[in-house]
Amino acid sequence: MAGGVVHGLGKRDGAMKFEGLLWWILFLPLGAAVWITLRTLKNPGRSAALSIGAALASFVLAVIFWAANGWTTGQVSVSWWRIGSWTASFDLRVDPLSLLMLLVVTGVGSVIHIYSVGYMRGDPGYARYFACLSLFLFSMLGIVLAGNFLQMFVFWELVGVSSYLLIGHWFERPAAADAAKKAFLTNRLGDLGFLAGILVLQGVAGTLDFGRLEETWPEQVSALGATATVVGLLIFCGVVGKSAQFPLHVWLPDAMEGPTPVSALIHAATMVAAGVYLLCRVFFLFTPEALMVVAWTGGLTALLAASIAVQQNDIKRVLAYSTLSQLGYMVMGVGLGGPAAAMFHLVTHAFFKALLFLGAGSVICALHHEQNIWRMGGLWRRMPVTFWTFLVGTLALAGAWPLSGFFSKDALLAVAWGRSLPLFVLGVGVAVLTSFYMFRLVWVAFGGPARSEAAAHAAESPQGMLWPLRLLGVLSVVAGVIGIQPVLQAILPGLEGSHAASWWGRLMEPFHHAPVPAAAGLAALLIGVGLAWKGYAGGAEDPVPNRWPVLGRWLRDRFYLDELYEGTVIWFHDAWARVVAGVERWVLNGFCLGLVRGGTDLLGQSLRLLQSGNLQTYALVFVVGLALLLWWTLGG
Amino acid sequence: MGPWSEKEAMTALGWMVLVPLLMAVAVLCVPQSAPRAPRLLTLTALGATLLLALRVFVGFESAPADADGYRMVTEIPGLGAPALGIRCRLGVDGLNVGLLLMGALVGLAAAACAREVQTRTKEFYFLLLLMVGGILGAFASLDLFFFYFFHELALVPTFLMIGLWGRGTDQAAVAYQMTLYLTAGALVALIGLIALYLQVPPELRTFDMPTLSRYFREHPLPPEVQGWIYPLLLFGFGVLVSLWPLHSWAPPGYAAAPTATAMVHAGVLKKFGLYGLLRVGQPWLPEAAADWAWVVAWLALGNLLYAGWAAMQQRDLGRLLGYASVAHMGFVFLGLAAGNAMGMTGAVVVMVAHGLLAAVSFALAGHLYQQTGTLEMGQMGGLARRMPFLGAALTMAALAGCGLPGFANFIGEVTVFLGAWQVPELRVVTVGGLWAALVVGAIYMLRAVRAILHGPPGIAGASGRDIEGGWERWPHAMLLAGLLFLGWLPQVLVGKVEPVAARMVQREPTGVLAPGLEVEGKALTFPAAAAEGRLREVDSVWTGDGGIRQGPGM
Amino acid sequence: MQWTPGLEHYLAVSFVLFSLGLLGVVVRRNLLVMYMCLELMLNAANLALVAFSRFRADLHGQMLVFFVITVAAAEVAVGLALLVALYRQRRTAHVEEVSLLRL
């Protein structure tokens, strides 16, 4: 690669300090992954140490970089490959958005790396797990630091592969292997639109660099007309795939076949958030029409997923659908013109959703891999740390003041309140459902009597798994007011209101700034808790299937969307492939080649007739031929 | 690497082609009492070839270029008939240097993976050496006669290898079908080549390709003549590359071929046709190439989608890989049809990348066949547990095959797409290509991985062992490392290919390269165009006297 | 006035002889008879050559006749030898029964 070139694009003039750190931050996890794969696969302890070391080192270096430079903007570029005057460049782009995401990804990533030591103990694929986890961290950091669309796409796909490898970690289980394949293929469908969008963008804008696009796009939009909307929608396809929006959401619940830390890291905190991150990154690219599509897709996903979650009985599935629903919220926020609010929710969601998943993992581990909530119960006494942190996470998710989730959810609802009443109502409805199914989960899994042997004998998890829970619990509580909001407010639209100086001022900010959404959010929380209490506290079985059997069945079976896809898209594609294979076999190979074979044979057989062996025939032919020859040459 | 001395340059390229051929003769003379000798001799020869190829590749930029742009021009004395204008001249430029290195790599790996051949090993290694030497000579050749001759030298051994050492029940029939089909294609291409040769006035006739190239640049053939010669070349070479619908020889052929043959054929020999089109078809018949571009593009779509869909329905891994290799050729044809520098460069990168990929895929399939006795994917399962190295390697190969970034295939494919998108008429085909690459490719490759490596163990493979130890693993590791290296540091290859592609294209440009970069659209010769200042902002301009002038865009 | 035959009369006779010979070669099944008809064809050619020579006062025709007679004699010798060998092998001189060289 050629030497480095720095463009200082924004707030600071002059180069950034410690630019080299960025390269270390990005490539240390890759180094760990490669080293583990080549050298330490037989040594689980060393592999784990390498992987955790790399993750922690990346986090520490990210903190150092941030401390030295603050919320700065800059880019380090290296030319990757060049054709004529077109260059594919490898950029490391730093701005407040990517710095924030960098800290979150490395931080939460490190925590989950440490948690995995306890969770995956004894697993035969321990070293391989950590290698893949490091590969994932590398890919995710690549997405965060990417400075142009091509590079983003490269790491987009790499993240997809890491997800494939990790979901399929226990590949001997057919369900896991199938889930991994499904995740990868569904993501690829989204990536198809993404790559098409990149091609169109290159064609109309001539550049794929985020910085340059940000400068030149506003002038080009009016000239481009509908093409601009198309570009936005195609890029959104990638988001739909990666962030599991409807209709490409079907892979995320199945992805729960992977180990729980994987679900926490990849399918809650980081990878699925990459879509929202991209939306915020290139928010300037979207026309109002495109944004409307984005908003409604997000809203629909949120509602759909929240409804399905109401009737799920596997603890991880509930959390998976909850993630889907929250992602829908974020996407809706972006679509409504509030990417800052969406990013805020992304950050807080990373904390409490990871917490919830890790807590679920703690329960699953303690109950020897039991995941059905109706076979749990009574755990609030037997696993107190897990219970209390899980409760904190639930309250944060449901939007209880003064936890972080309240502030971020309120920001989103405020944006909706200002822009679109239907989506605001939808948002509040989803908040009710969220609160309802989460507290259903808590009452059933942790409350009531123990409903199985395993639950009766459950013991608290080891400290290695508990400290991450505690840490994430603290973050879930304070993340709303520690200063993330002002950072985002400065770079993206969607978060308004002045930040008060005092703590109390900051805590009361939402009520002053937009009282209706804040009140609606709290009301939704209380309604949900109340309904969940009525239905599930202390019950031995789920009342919904008895009272409303049809609705219950539809919700539990995920509106039969998987079956629909199976029966239509997949069936059609396979049928078409069968047709083609048939054409290949019968027409090309059978008929055409057969024609050639038969024709050659026929020619041979007919020529054979001339060789009769009869002397007199030969003589006759000879004379006739001679006569013809003479006729041609002499006159004819 | 220091600068090349003239004499040194003469030897490396020539020896690279001669060593396998000479060692082939030596292998034949090995007595029966030394059963392991042929293999050792072959590995030594091909190892030396690889070292020479590396020397050529690494020293490429520092070697001086002659007036036609070729470097390290060598003549092998004794071969050829100077009185008829036939000289065995070899040279490298951006187009073939990558292919030569890839050919050497694949050849060595193939010899290493030929362990399964236990009977008549002498003859097998003799044929293998002929194949490798032949195809390297074909790529490096600067003489039209030897260009064709070396290719036939490489092709004929496949017939014997599939017929005698092939797998399956009807390998003889398959051998006949494949060889006759390919030879027919080569014959059609030969007619085209002879026709081109005859277009030159008798006093100027020569088989020397650079001279012919210069002649056709200065005296372009009339469009009617180009119109009937180009299809001959297109379809003749197309058969060799399994252009749709002339691809039916590939899947059964590769399924029945022994591992080493499949590796070298799918990896290297298949690229000869495309190389021919790039070396002969495009520069010598530019107007016809532009006219036929849309046909090539739609046929490429056939390759991409049709072969991909057919691959989805295959139960046998060998046939699946055969269809997959047919599908990958679609990318190269699409790049060719795009007719701009990006498309051509991407096409060459895909060629090199696919060569390595096909080789490693067939090597792994060969090991599977050896250990489990079958390639029926339905009978396998859960093999990643018993065979972790094979599992990892096969997963990597499968992901590379569906265009995962990080492997060289992605670089080539994305460059081809970017190049093809610039030509509005090809946009539909490009979208089809996207579908084929991203979705269909992933479907059949991942289904294969799922069936072979994941899930509960199947009937086959209960007793098979992994690819164990350094001695067995190094060919696969070498090929995968090559894919990864080119995937992360593509400029190593692209930097060599791109100037040649740019030069070829500026003769007959289609589409714009990027906003602000336009080339006046007439078939101008270089000195004239440069002098008139009508080429703006180009990376480098090839001046007729053999130098390169950096354009203002630099 | 005495009527003398002209060139065309000799050529006509030659033609008739040739056709009779040809017909015989093609139709007759006994090899010996085929040989005789072959001789007839050769002699018809001789007749034509001599006629041309006489009417054009050019001796080249007659020279060629000597060549043709020599060739005919050699051919008869070889042919009859072949016939005898064939008869000893196959006990037949019928041409239809010696068609082993068929595909």
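Naming convention: chains lettered A, B, ... in sequence-line order (proteins, then strands); numbering from 1 in each chain.
A pairwise comparison of heavy atoms in L192(A) and L438(B) identifies CA-CD1, 3.4 Å as the closest pair. Contact record, L185(A) with A442(B): CD2-CB, 3.5 Å, taken as the closest heavy-atom pair. Residues Q491(B) and W81(A) come closest through the heavy atom pair OE1-CA, 3.0 Å. When every heavy atom of W80(A) is checked against every heavy atom of W488(B), the shortest pair comes out as NE1-O, 2.7 Å. When all heavy atoms of G403(B) and E157(A) are compared, the closest pair comes out as O-OE1, 4.4 Å. Looking at every heavy atom in both residues, C402(B) comes nearest to F184(A) through SG-CE2, 4.4 Å.
Contacts between V154(A) and chain B at a heavy-atom distance below 4.5 Å involve backbone atoms as well as side-chain atoms. For I198(A), no part lies near chain B; criterion is any non-hydrogen pair under 4.5 Å. For I443(B), the parts sitting under 4.5 Å from any heavy atom of chain A are the backbone and the side chain alike. Both the backbone and the side chain of S248(B) come within contact range of chain A, judged by heavy atoms closer than 4.5 Å. For chain A, the nearby part of R450(B) is the side chain; its heavy atoms alone come within less than 4.5 Å. At a 4.5 Å heavy-atom cutoff, the contact between W435(B) and chain A is made by backbone and side-chain atoms alike. With a 4.5 Å cut-off on non-hydrogen atoms, L493(B) does not touch chain A at all. Residue Y444(B): no heavy atom, backbone or side chain, is found under 4.5 Å from chain A. Within the 4.5 angstrom heavy-atom criterion, atoms from both the backbone and the side chain of R447(B) approach chain A. Neither the backbone nor the side chain of R585(A) comes within less than 4.5 Å of any heavy atom in chain B. Neither the backbone nor the side chain of V497(B) comes within contact range of chain A; no heavy atom of the residue lies under 4.5 Å from a heavy atom of that chain. Both the backbone and the side chain of L199(A) come within contact range of chain B, with heavy atoms under 4.5 Å apart. The contact between A437(B) and chain A is made entirely by backbone atoms, counting heavy-atom distances below 4.5 Å.
Taken to the nearest 0.5 Å, the CD atom of E172(A) stands 10.0 Å off from the CG atom of L383(B). To the nearest 0.5 Å, the span separating CG on L404(B) from CZ on R188(A) amounts to 6.5 Å. Here the CG-CH2 distance, from L418(B) to W86(A), works out to 5.0 Å after rounding to the nearest 0.5 Å. Atoms CG and CZ, from L150(A) and F410(B) in turn, are 5.0 Å apart once rounded to the nearest 0.5 Å.
Taking chain A as the reference chain and counting heavy-atom pairs below 4.5 Å, the highest number among G406(B), G308(B), P490(B) is found for P490(B). Heavy-atom pairs under 4.5 Å with chain B peak, among W156(A), F171(A), W170(A), at F171(A). Most heavy-atom pairs under 4.5 Å with chain B, from the set A196(A), A581(A), G125(A), P174(A): that is P174(A). Counting heavy-atom pairs closer than 4.5 Å to chain B, the top-ranked of the candidates L593(A), D178(A), L189(A) is D178(A). The candidate with the highest count of non-hydrogen atom pairs below 4.5 Å against chain B, out of L165(A), V579(A), D574(A), is D574(A). Heavy-atom pairs under 4.5 Å with chain B were tallied for V583(A), D191(A), V596(A); the largest tally goes to V583(A).
Within the 4.5 Å cutoff, the side chain of H454(B) has no heavy atoms near those of the K181(A) side chain. Within the 4.5 Å cutoff, side-chain heavy atoms of V414(B) are placed close to those of L195(A). E584(A) is not listed as a side-chain neighbour of W309(B), based on a closest heavy-atom distance of 4.5 Å or more. Side chains of W421(B) and Q202(A) form no contact here, defined as non-hydrogen atoms less than 4.5 Å apart.
For W35(A), the CH2 atom sits in a loose shell: 12 or fewer heavy atoms of surrounding residues, nucleotides or ligands are nearer than 6.0 Å.
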